[in-house]
Engineer: 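Please see the structure below; I have some questions.
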Amino acid sequence: MPHVAIKCFPRDLNDEQKDALAADIAAAISRHLGSKDGAISVGLEQVAEADWKAQVWDKEIGPQLETLLKKPGYSL
């Protein structure tokens, strides 16, 4: 039951773009982990740039840097 939580700066995405993003991510998860589409969930949370460090970096990226599959090319 994979769940992918995407956090990004605010983007003006319409429903079609959000659906396409979720479908692409679900396809990659299915391909690499063998999960069925119905078992995959994808969330999208838009975080203001001013709040990124406190809400995302300090809580999720920084403390888990060693276990990230893809590390960011920046630091805070």
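No hydrogens, no waters, no symmetry mates; every other heavy atom, side chains included, goes into these values.
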Engineer: Which pairs of donor and acceptor atoms, one on a side chain in residues 20-43, lie under 3.5 Å apart (sequence neighbours left out)?
Structural biologist:
unit_1 : atom_1 : unit_2 : atom_2 : d
Ser30  : OG     : Ser35  : O      : 2.8
Ser41  : OG     : His3   : ND1    : 2.7

Engineer: Could you see if Val4 belongs to whatever hydrophobic cluster contains Leu44? Use Ile, Leu, Val, Met, Phe, Trp, Tyr and a side-chain cutoff under 4.5 Å.
Structural biologist: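 Val4 and Leu44: one cluster.
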
Engineer: Hey, what else clusters with Leu69 if you join Ile, Leu, Val, Met, Phe, Trp, Tyr whenever side-chain heavy atoms sit under 4.5 Å?
Structural biologist: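 The other cluster members (ILVMFWY side chains, heavy atoms under 4.5 Å, direct or chained): none.
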
Engineer: Pairs in or reaching into residues 63-76: which pass salt bridge (Lys or Arg N to Asp or Glu O under 4.0 Å), with residues at least two apart or in two chains?
Structural biologist: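 Sorted result for residues 63-76: empty, none.
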
Engineer: Clusters formed by hydrophobic residues whose side-chain heavy atoms approach within less than 4.5 Å: which one holds Met1, and what are its other members?
Structural biologist: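 Traced through the cluster, Met1 reaches no other member.
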
Engineer: Tell me the salt bridge (Lys or Arg N to Asp or Glu O under 4.0 Å) pairs involving residues 11-21, sequence neighbours left out?
Structural biologist: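 Listed once each, the pairs would be none.
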
Engineer: Give the cluster check for Ile6 versus Ile61: same hydrophobic cluster or not, with ILVMFWY residues linked at side-chain heavy-atom distances below 4.5 Å.
Structural biologist: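 The answer is no; the residues belong to distinct hydrophobic clusters.
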
Engineer: Using the side-chain hydrogen bond (donor to acceptor under 3.5 Å, both in side chains) rule, collect all pairs that involve residues 48-64, keeping only residues at least two apart or in two chains.
Structural biologist: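 Those involving residues 48-64 are Lys7-Glu60, Trp52-Tyr74, Lys53-Asp58.
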
Engineer: With hydrophobic residues grouped by side-chain heavy-atom distances under 4.5 Å, do Leu76 and Val56 end up in a single group?
Structural biologist: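 Hydrophobic grouping puts Leu76 with Val56.
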
